[in-house]
Structure formats: structure tokens, C-alpha cells
Amino acid sequence: MSLDPVEQLRRYHAALNRYEEAVVTPMFAREAVYVSPGVNGRLVGREAIIAAFNAYFAEHPDQIATDDSIAAVDPRTVQASWRLEATARSSGAQVRRRGTETVTFDAAGLIIRVEVQDA
């Protein structure tokens, strides 16, 4: 069976929308890299990525992200155009972002790189 990066991304985004740490964590390779303005640069390693997610979702527990489009770039890479809305728990401030996310998977279907760009 070959990897379907579009389906893998849909599963990942669904788990993020529910923020299920136990489901999201094993989706990342141990040495994964996450690059995003939302994390002020670059995170290296599954543990650092999950720690950042835990902090983010503790502050923004109501986040809902929606994919406007998803397309395979190559057999292991997919790109999504997305938008999200959330409320900061500490301040009540509304957060709205739009952008693109490029996700690359290894042969086993684990995420090895995420690159987020805000629109």
C-alpha cells in the first residue's frame, strides 16, 4: 500500500482540531522539524513540537482550523491552504490567521517536516 499524503494530512489536521496529544504525537518522526511564524521560527524534534502544541492549545483551546484546499506536491509532500480562528484564554483576544502549510512525510507516513507560511 502506498502513502496517500493528502489523507495523512487530513488525519493530522483532524487530530489537531480536537487536539488529541496521544494521536498527534506518534504522527511525527522523532527528528521532525516544524517551521512557522507561529512558533517564532523553527522547532526541532517531536518532543519540542508537542511541547509547543501543548502550550498553544492550553492558551487557545477553542481553535478551529479549516482547510480551503489540499493538494499533493509529490508522493510524500502535500500543501494545504488554511484559515483558523481561536480565542486566547489569557486575554480573550480573537486570533484569526490564514496561510499555507507544506507537510512532508517519510516512507512510513510519519511527518518529518512542516513549513507554515502566513498569508
Side-chain angles (χ1 to χ4, degrees):
M1 177 170 34
S2 65
L3 171 70
D4 179 351
V6 171
E7 183 55 35
Q8 291 290 95
L9 184 73
R10 285 188 177 123
R11 285 183 49 245
Y12 167 59
H13 283 178
L16 281 178
N17 270 335
R18 295 184 304 271
Y19 193 57
E20 297 177 347
E21 180 184 355
V23 175
V24 173
T25 299
M27 292 180 163
F28 282 88
R30 187 174 312 280
E31 68 285 353
V33 174
Y34 192 96
V35 180
S36 172
V39 297
N40 296 318
R42 173 184 169 106
L43 300 170
V44 178
R46 178 174 51 210
E47 289 181 18
I49 294 165
I50 297 303
F53 283 174
N54 286 340
Y56 175 83
F57 284 103
E59 176 64 8
H60 303 92
D62 67 341
Q63 177 191 289
I64 294 295
T66 304
D67 292 319
D68 294 323
S69 67
I70 301 174
V73 174
D74 64 39
R76 292 192 185 158
T77 305
V78 63
Q79 188 172 70
S81 293
W82 53 266
R83 57 193 150 89
L84 70 78
E85 294 185 10
T87 307
R89 176 177 279 174
S90 62
S91 68
Q94 294 295 305
V95 176
R96 288 186 173 84
R97 289 177 61 200
R98 296 181 74 85
T100 60
E101 178 182 52
T102 304
V103 179
T104 304
F105 299 91
D106 66 12
L110 298 177
I111 298 168
I112 58 173
R113 183 172 181 85
V114 176
E115 191 162 342
V116 177
Q117 295 180 330
D118 285 346

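These values consider heavy atoms only, across backbone and side chains, with no hydrogens, waters or symmetry-generated copies.
- Remark: E20 CD to M27 CE distance equals 8.5 Å, nearest 0.5 Å.
- For the salt bridge (Lys or Arg N to Asp or Glu O under 4.0 Å) with R98, the lone residue among D118, D67, D68 that qualifies is D68.
- Partner L84 forms a side chain to side chain contact (heavy atoms under 4.5 Å, CB included) with one of V95, L16, N17, T66 and no other, that one being V95.
- Counting all heavy atoms, side chain and backbone alike, T100 lies closest to S81 at CG2-OG, 3.9 Å.
- Taking OG1 of T77 as the reference point, atom CG of L9 lies at 11.0 Å (rounded to 0.5 Å).
- Nearest approach of P26 to E21, heavy atoms of both residues: CD-O, 4.3 Å.
- Both I50 and V103 belong to a common hydrophobic cluster when Ile, Leu, Val, Met, Phe, Trp and Tyr are linked at side-chain heavy-atom distances under 4.5 angstrom.
- A donor-acceptor pair under 3.5 Å is absent between the side-chain atoms of D106 and the main chain of I112, judged by distance alone.
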### Message
Show, in sequence, the C-alpha distance, side-chain angles and deciding distance for Y56 and Q63, and conclude whether the side chain to side chain contact (heavy atoms under 4.5 Å, CB included) test is met.
### Response
CA-CA 10 Å; Y56 175 83; Q63 177 191 289; 2.5 Å; yes
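- For A80 against H13, the heavy-atom pair with the smallest separation is CB-CE1, 4.1 Å.
- Of all heavy-atom pairs spanning E59 and S91, the tightest one is OE2-N, 4.4 Å.
- Heavy-atom minimum distance, Q8 versus G109: NE2-O, 2.9 Å.
- Placement of L110 and L43 in two distinct hydrophobic clusters is found when ILVMFWY residues are connected by side-chain heavy-atom separations under 4.5 Å, directly or transitively.
- The shortest side-chain heavy-atom distance between V116 and E101 falls under the 4.5 Å cut-off.
- Remark: R83 CZ to R97 CZ distance equals 14.5 Å, nearest 0.5 Å.
- Tracing side-chain contacts under 4.5 Å through hydrophobic residues (I, L, V, M, F, W, Y), one reaches V6 starting from L3; they form part of the same cluster.
- Atom OG1 of residue T104 and atom CZ of residue R76 lie 10.0 Å apart, to the nearest 0.5 angstrom.
- One finds the CZ atom of F28 at 5.0 Å from the CD1 atom of I49 (value rounded to the nearest 0.5 Å).
- The aromatic rings of F57 and Y19 sit parallel, their planes meeting at an angle under 30°, below the 60° perpendicular limit.
- Rounding to the nearest 0.5 Å gives a distance of 7.0 Å between CD of Q94 and CG of D62.
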### Message
R113 vs T102, test: side chain to side chain contact (heavy atoms under 4.5 Å, CB included). Steps then yes/no.
### Response
CA-CA 8 Å; R113 183 172 181 85; T102 304; over 6 Å; no
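- When ring centroids are compared, Y12 and F105 stay outside the 6.0 Å threshold.
- For residues 42-52, the set of pairs meeting the side-chain hydrogen bond (donor to acceptor under 3.5 Å, both in side chains) definition, not counting sequence neighbours, is empty.
- When every heavy atom of V114 is checked against every heavy atom of I111, the shortest pair comes out as CG2-CG2, 3.5 Å.
- In the hydrophobic clustering of this structure, V33 does not group with V73; members are Ile, Leu, Val, Met, Phe, Trp, Tyr whose side-chain heavy atoms approach within less than 4.5 Å, directly or through other members.
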